[in-house]
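Hydrogens, waters and symmetry mates play no part in the numbers below; they use all other heavy atoms, side chains included. Letters go in sequence order (proteins before strands), and every chain restarts at 1.
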Protein chains: 2
Amino acid sequence: MGDRVLPVDVSTVQERVYLEVQAALHQGRFMPGEAVTIRSLAQAVGTSPMPIRGAIQRLVAEKALVQLPNRTFRVAPFDLDIHAEQTRIRCAVEGFAAYRAAIRAPAGLVDELRDANGTMRGAVAAGDTDGVLDANRQFHFALYRGAESSQLTEMITQFWLRSGPFIAMALRTPESRTMFEAGTRLHDRIIDAIGKQDPDGARFALALDIRAAAAWFRRRYRSEQSDPGEGSPAA
Amino acid sequence: MGDRVLPVDVSTVQERVYLEVQAALHQGRFMPGEAVTIRSLAQAVGTSPMPIRGAIQRLVAEKALVQLPNRTFRVAPFDLDIHAEQTRIRCAVEGFAAYRAAIRAPAGLVDELRDANGTMRGAVAAGDTDGVLDANRQFHFALYRGAESSQLTEMITQFWLRSGPFIAMALRTPESRTMFEAGTRLHDRIIDAIGKQDPDGARFALALDIRAAAAWFRRRYRSEQSDPGEGSPAA
DNA sequence: AAGCATCGTGATCACAGATCACAAATCTGG
DNA sequence: CCAGATTTGTGATCTGTGATCACGATGCTT
């Protein structure tokens with residue numbers, strides 16, 4: 001019978017709401033600091049306030065949203081100081097995951113990383129920014145799964161949840177192409193270090209990758225701030 | 001806010017199970033007369049028996065499934081006598097809907113029918129049987145919606161729910177191509193009658209369409225019965 | 001013919017979600 | 001600046017859904 005009917009989605013409305021809002025945040029569809037209300041979200045996704053509550057509480061716990069003293073919710077705030085701090089933390093945490101992945105080097109990891117990086121190259125060549133971001137994410141999380149620590153992966157996911165401003169910048173900036181091309185070369189260095197089971201090399205190359213993307217973002221961000229056009233952050 | 005998050009699916013597990021099983025029946029993935037159990041369906045779609053019960057009860061009410069005196073369920077039985085009776089009823093009911101559609105002739109109906117028929121032509125030319133069946137369905141239900149009677153459309157839907165043997169035959173028989181090509185020409189006649197607001201012409205052309213497909217099916221069915229290979233019905 | 005397995009269904013319980021009401025905070029107009 | 005209106009988050013209630021368990025009936029196997 002299993003070949004005649006497909007599995008059905010048994011997730012709850014709250015889970016689906018959570019995934020939709022999480023994706024919107026991650027893709028930078030909300031501005032940092034923007035107010036988010038239970039009733040407006042409920043209206044937008046077509047449910048009652050109840051499932052929105054649970055989803056929003058979870059996103060607050062994950063620090064993608066913040067709840068103010070007057071109990072209203074906003075998208076987590078953002079500025080270059082916050083960004084610099086996040087970059088330092090990411091280098092430490094994700095660098096450690098890369099270090100561990102190089103030590104454990106489970107079977108198939110190098111092939112999986114090469115595949116994801118190859119897909120990313122193809123997407124860059126095609127000018128497909130959505131595809132680039134997706135492949136980049138595939139690459140990084142394949143690497144972090146290689147560390148074989150679900151706690152680490154969860155922690156890293158929460159930081160990625162707050163990369164909305166970067167994602168939005170990449171999507172509206174054609175010049176992101178050269179930044180991503182450079183990123184695929186840094187990915188090559190990470191793969192090489194994993195292949196040689198060189199943990200320090202993996203950590204170092206991973207940190208270069210994160211810092212290069214952060215530097216690109218900072219330059220673009222400052223440029224947009226000094227020349228305010230559309231898309232400037234609210235906070 | 002509505003442009004930043006998409007509506008979320010708020011259907012219940014039972015509703016989704018119903019749609020999946022209904023689609024499987026309609027696409028002929030089950031043999032007429034085949035036994036269907038609550039526990040095996042639950043395992044296949046990945047739920048507990050509860051939502052399967054509700055879905056199956058609904059399909060029994062719609063006569064896509066039957067419940068035997070010992071309370072077990074089977075796919076509705078099928079033979080050429082049943083098929084002939086269904087064809088007569090379809091000509092009467094769907095013919096009446098076409099008649100009404102020609103009288104009401106709501107704005108945009110003719111264009112919508114032409115579009116669907118054009119899509120069907122393209123799919124026939126491409127040898128895309130799934131696309132052909134989908135476009136055929138689009139055409140017919142656009143026509144029936146033109147009758148502006150939800151009761152009629154519901155009734156017609158139930159008959160279409162029992163076209164699994166025809167769908168399955170079309171999908172496994174390459175010669176269905178010429179039958180569908182002829183179908184698009186009969187669709188042209190229906191469109192012409194709707195355009196001229198000729199109800200008798202619409203009804204007549206619609207009945208020709210149904211009968212032609214039924215005749216094709218009958219010949220293929222008899223051929224398979226007298227030369228039993230794979231795909232012969234169980235009942 | 002007896003025992004075992006399978007089937008549909010009834011019952012129970014927990015959870016999810018719709019809806020309503022209320023208190024607190026904010027906003028607007030005078 | 002204040003009062004009234006509106007908006008917001010949250011608590012409470014109720015209903016429906018779905019997981020789980022048990023039982024009786026039926027069918028199958030030995």
Side-chain angles (χ1 to χ4, degrees), chain A residues 1-2 4-22 30-31 33-77 234-235, chain B residues 1-2 4-22 25 30-31 33-76 234-235:
Chain A
M1 176 82 66
R4 256 85 62 73
V5 287
L6 296 172
V8 155
D9 178 12
V10 295
S11 59
T12 63
V13 170
Q14 174 180 307
E15 285 167 351
R16 296 197 283 279
V17 165
Y18 166 78
L19 289 174
E20 175 58 27
V21 179
Q22 184 203 49
F30 289 103
M31 302 294 290
E34 176 177 357
V36 165
T37 75
I38 289 175
R39 284 185 177 82
S40 64
L41 269 183
Q43 187 167 26
V45 303
T47 74
S48 71
M50 280 304 302
I52 310 295
R53 289 194 213 178
I56 286 204
Q57 291 301 338
R58 186 173 167 185
L59 288 162
V60 167
E62 292 172 348
K63 302 189 193 313
L65 296 178
V66 296
Q67 188 168 29
L68 304 182
N70 69 352
R71 298 166 104 181
T72 59
F73 303 96
R74 287 178 181 274
V75 180
Chain B
M1 176 81 65
R4 258 85 64 70
V5 288
L6 296 172
V8 155
D9 179 11
V10 295
S11 60
T12 63
V13 169
Q14 174 180 307
E15 285 167 351
R16 296 197 286 279
V17 165
Y18 165 79
L19 290 175
E20 174 59 26
V21 179
Q22 183 204 51
L25 288 164
F30 289 103
M31 303 293 293
E34 176 176 357
V36 165
T37 75
I38 289 173
R39 286 185 176 84
S40 63
L41 270 181
Q43 188 167 24
V45 303
T47 74
S48 73
M50 280 304 301
I52 310 295
R53 287 195 214 178
I56 286 203
Q57 291 301 337
R58 186 172 166 185
L59 288 162
V60 168
E62 292 171 349
K63 303 189 195 308
L65 296 179
V66 296
Q67 188 167 30
L68 304 183
N70 69 351
R71 300 165 105 180
T72 60
F73 303 95
R74 287 179 180 273
V75 180

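Arg74(A) contributes no side-chain N or O that, together with a main-chain N or O of Val66(A), makes up a donor-acceptor pair within less than 3.5 Å.
The nearest heavy atom of DNA chain C to Pro49(A) and to Gln67(B) marks one nucleotide each, and the one closer to the 5' end goes with Gln67(B).
At the phosphate of dG27(D), OP1 or OP2 sits under 4.0 Å from a side-chain N or O atom of Asn70(B). For the pair Gln43(B) and dT6(C), the criterion of a side-chain N or O lying under 4.0 Å from OP1 or OP2 is not met.
Rounded to whole angstrom, the span from the CD1 atom of Ile38(B) across to the P atom of dG18(D) amounts to 14 Å. Between Arg71(B) atom CZ and dG8(C) atom C1' the separation is 6 Å, expressed in whole Å. Between the CG atom of Leu59(B) and the P atom of dG8(C) there is a distance of 14 Å, rounded to whole Å. For the pair Asp9(B) CG and dA16(C) P, the interatomic distance rounds to 17 Å; values are reported in whole Å. The CE atom of Met50(A) sits 10 Å away from the P atom of dG11(D) (whole-angstrom rounding). Rounded to whole Å, the distance from CG on Leu41(A) to C1' on dT7(D) is 15 Å. Distance, Leu68(A) CG to dA25(C) P: 13 Å, rounded to whole Å. Distance CZ (Arg74(A)) to C1' (dA25(C)): 13 Å, rounded to an integer number of Å.
Gln57(A) comes within 4.0 angstrom of sugar-phosphate atoms only, judged by non-hydrogen atoms across all strands, and of no base.
Here the straight-line distance linking atom CD of Gln43(A) with atom CZ of Arg39(A) works out to 11.0 Å at 0.5 Å rounding. Here CZ of Phe73(B) is found 5.0 Å from CD of Gln57(B). Values are rounded to the nearest 0.5 Å. With rounding to the nearest 0.5 Å, the separation of CD in Glu15(B) from CZ in Arg58(B) is 7.5 Å.
A salt bridge is defined here as a Lys NZ or Arg NE, NH1 or NH2 lying under 4.0 Å from an Asp or Glu carboxylate O, and Arg16(B) with Glu20(B) fails to meet this definition.
Of all nucleotides listed (dG17(C), dG9(D), dG18(D)), dG17(C) comes nearest to the side chain of Thr12(A).
Within 3.5 Å, no donor on the side chain of Arg53(B) pairs with an acceptor on the base of dG18(D), nor the reverse.
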